[in-house]
Protein chains: 2
Amino acid sequence: MALRHAVLAALLDGEYSGYQLAKAFDVGVANFWHALPQQLYAELTKLEKEGLVAGRQVVQETRPNKRLFRVTDAGRAELERFAAAVSKPSFIRDDLLVKVHTADRIGTAPVIEQLEERASAAEAKIELLGKLLRQLRGDADEEEFLRRGERIGPYLTCLRGLAFEQEHRDWCLRIAVVLKERQSTHAER
Amino acid sequence: MALRHAVLAALLDGEYSGYQLAKAFDVGVANFWHALPQQLYAELTKLEKEGLVAGRQVVQETRPNKRLFRVTDAGRAELERFAAAVSKPSFIRDDLLVKVHTADRIGTAPVIEQLEERASAAEAKIELLGKLLRQLRGDADEEEFLRRGERIGPYLTCLRGLAFEQEHRDWCLRIAVVLKERQSTHAER
DNA sequence: GCATCATACTCAAGAAAATGACTAGTCATA
DNA sequence: TATGACTAGTCATTTTCTTGAGTATGATGC
């Protein structure tokens, strides 16, 4: 029971279909959770059965029909309960880091390549988040927005995501340089 | 098949028992993977069955006997294969971030408290990692060590962990301040 | 005019991870 | 002298996540 709260949190600001939610889990929500569409559909079904979200059918002419979900009062209460409970510590889980750990014991060339790819991906995400943040805060500057904005929750998690991506990009690039230099000077493997 | 590579990577630098490995997964290895002791024991059993690690019984007088594992050539080959394969993108998954996302929709007081606790925990981890890094690089300064050190893999992942924790601490503290200020000025919920 | 992308989902199977309960001896401490 | 922490694990169950395949329609691009 962990994805459920991420879904409830994502659903706090309006009605979304499973499909739209899946999109959200690719950008903004990705800053605090990750899930595939199938999981979201399944979770929404469960949440509805438990009365934490309510869905309604929307008939569309030119597109397939869809079901829009919103958080119920029971769902809000569940989030309240969740917010007050202890959090599990967060942790990193990353294939690429595992590979870097083996660097200088195992061939490094493919790892260097992946570090650079990852850095580009992070760069792209940084731009995306920059845009999202500007959009969320409208005209106001950040300080101002954080003090007086109506809804800062999503903004705050995007800030965390942005910092994470920047840090990740910098680390990837630095490590790639370090490994490359060692490759040329040591001339090993 | 994901934990397996983390275990193999952790086991690259010597022989460890499941118990010792569990300790390592609480500090250094935690920078790229996380697992409970039970998972490690189970994974070691599987890896041994597949010949990727080899275990040997060590009889102890004053402590329970233990089994020490090392990576076999087949295990090293598996890591090689893994290093060359594409990596899944890394992602954050954090209860606390979910809670922050709901901030200003759901009661913030408990979240502020948790942010501060989390910041202290991060601080402790930062110190721990600082010590670990100094220990890993010995006398050399960082630049020097990264250029000429024998084994830099674990050092690099610790650097990533350190950056992550520092940033996490800074973010937690900043968000706590932001939420507190809003609490007093808005005087809502 | 054909291919691919976008919307909007569902179903099933399997792999991986998390949880909880248990064993059993040693050591330090209050 | 009991209390709890440390070493060193095992076993079983449940939950969660991932993978892969499939359905159906309309719009867009070459």
Side-chain angles (χ1 to χ4, degrees), chain A residues 1-8 15-27 29-30 33-50 53 55-69 85-95 98, chain B residues 1-8 15-27 29-30 32-50 53 55-69 82 85-95 98:
Chain A
M1 277 123 192
L3 173 60
R4 66 197 299 92
H5 299 111
V7 170
L8 287 172
E15 281 187 309
Y16 297 96
S17 68
Y19 190 81
Q20 289 173 294
L21 212 50
K23 300 277 152 185
F25 268 73
D26 273 351
V27 279
V29 180
W33 212 264
H34 163 263
L36 298 169
Q38 294 97 310
Q39 281 176 271
L40 298 176
Y41 286 116
E43 197 63 46
L44 283 169
T45 305
K46 271 200 279 174
L47 285 168
E48 195 183 21
K49 219 172 276 171
E50 293 170 41
V53 306
R56 67 188 178 90
Q57 181 86 6
V58 172
V59 178
Q60 299 184 117
E61 305 262 288
T62 137
R63 308 239 143 258
N65 297 342
K66 61 182 173 182
R67 307 202 63 209
L68 293 183
F69 294 92
V86 294
S87 314
K88 322 192 175 173
S90 78
F91 42 80
I92 300 183
R93 222 171 230 193
D94 188 342
D95 277 8
V98 177
Chain B
M1 277 123 189
L3 174 60
R4 66 196 302 91
H5 298 112
V7 169
L8 286 172
E15 280 187 310
Y16 296 96
S17 67
Y19 190 81
Q20 289 173 295
L21 211 51
K23 300 277 151 184
F25 268 74
D26 273 351
V27 280
V29 180
F32 58 89
W33 212 264
H34 164 262
L36 298 168
Q38 296 96 308
Q39 287 175 266
L40 298 176
Y41 287 115
E43 197 63 47
L44 283 170
T45 305
K46 271 200 280 173
L47 285 168
E48 195 183 20
K49 217 172 277 170
E50 293 170 42
V53 306
R56 65 186 179 91
Q57 181 86 8
V58 173
V59 178
Q60 298 186 117
E61 306 260 290
T62 137
R63 308 241 144 256
N65 296 342
K66 61 181 173 182
R67 307 201 63 209
L68 293 183
F69 296 91
F82 171 69
V86 293
S87 314
K88 321 194 175 169
S90 78
F91 44 78
I92 299 185
R93 221 169 230 193
D94 188 341
D95 277 8
V98 177

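Heavy-atom basis, side chains included; hydrogens, waters and symmetry copies ignored. Throughout, a chain's letter reflects where its sequence line sits, starting with A, and its residues are numbered from 1.
Looking at heavy atoms from C-beta onward, A/Val7 lies out of side-chain contact with A/Trp33 at the 4.5 angstrom threshold. Taking the side chain as every heavy atom from C-beta outward, B/Tyr41 and B/Leu21 never approach each other to under 4.5 Å.
Between the C1' atom of C/dA18 and the CG atom of B/Leu3 lies a distance of 12 Å, rounded to the nearest Å. When rounded to the nearest whole Å, the span between CG of B/Asn65 and C1' of C/dA24 equals 12 Å. Counting to the nearest Å, the P atom of D/dC6 and the CD atom of B/Gln20 are 16 Å from each other. A/Lys88 has its NZ atom 10 Å from the C1' atom of C/dA17, to the nearest Å.
Smallest separation of non-hydrogen atoms from B/Ala35 and B/Leu3: CB-CD1, 3.8 Å. Closest approach of A/Leu44 and A/Val53 over heavy atoms only: O-CG2, 4.0 Å.
The phosphate of D/dT25 (OP1 or OP2) has no side-chain N or O of A/Thr62 nearer than 4.0 angstrom. The side chain of B/Lys23 contributes an N or O atom lying less than 4.0 Å from OP1 or OP2 of D/dT7. For D/dT10, neither phosphate oxygen OP1 nor OP2 lies less than 4.0 angstrom from any side-chain nitrogen or oxygen of B/Lys66. B/Gln60 has a side-chain polar atom (N or O) that falls below the 4.0 Å cut-off from OP1 or OP2 of D/dA8.
Of the two residues near DNA chain C, A/Leu68 and B/Ala2, the one whose nearest nucleotide lies more 5' is A/Leu68. In this structure, B/Tyr19 and B/Arg93 both approach DNA chain D, and ranking their closest nucleotides by distance from the 5' end singles out B/Tyr19.
For B/Arg63, counting side-chain heavy atoms from C-beta on, the closest listed nucleotide (C/dC27, C/dA18, D/dT18) is C/dC27. Candidate nucleotides C/dA18, D/dT7, D/dC17 were compared by shortest atom distance to the side chain of B/His34, and C/dA18 ranks first.
With B/Arg93 contributing its side chain and A/His34 its backbone, the two residues share a donor-acceptor pair below 3.5 Å.
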Query - A/Val86 and B/Asp95: CA distance, side-chain angles, deciding distance, side-chain contact (heavy atoms from CB on, under 4.5 Å) verdict - result: CA-CA 9 Å; A/Val86 294; B/Asp95 277 8; over 6 Å; no

Query raised in the report: B/Phe82 and A/Val98: side-chain contact (heavy atoms from CB on, under 4.5 Å), yes or no, with the steps?
Result: CA-CA 10 Å; B/Phe82 171 69; A/Val98 177; 3.8 Å; yes

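Using a 4.0 Å heavy-atom distance criterion, A/Arg4 is classed as making no nucleic acid contact.
Non-hydrogen atoms lying under 4.0 Å from DNA chain C are contributed by B/Leu36, B/Gln38, B/Gln39, all within residues 35-46 of chain B.
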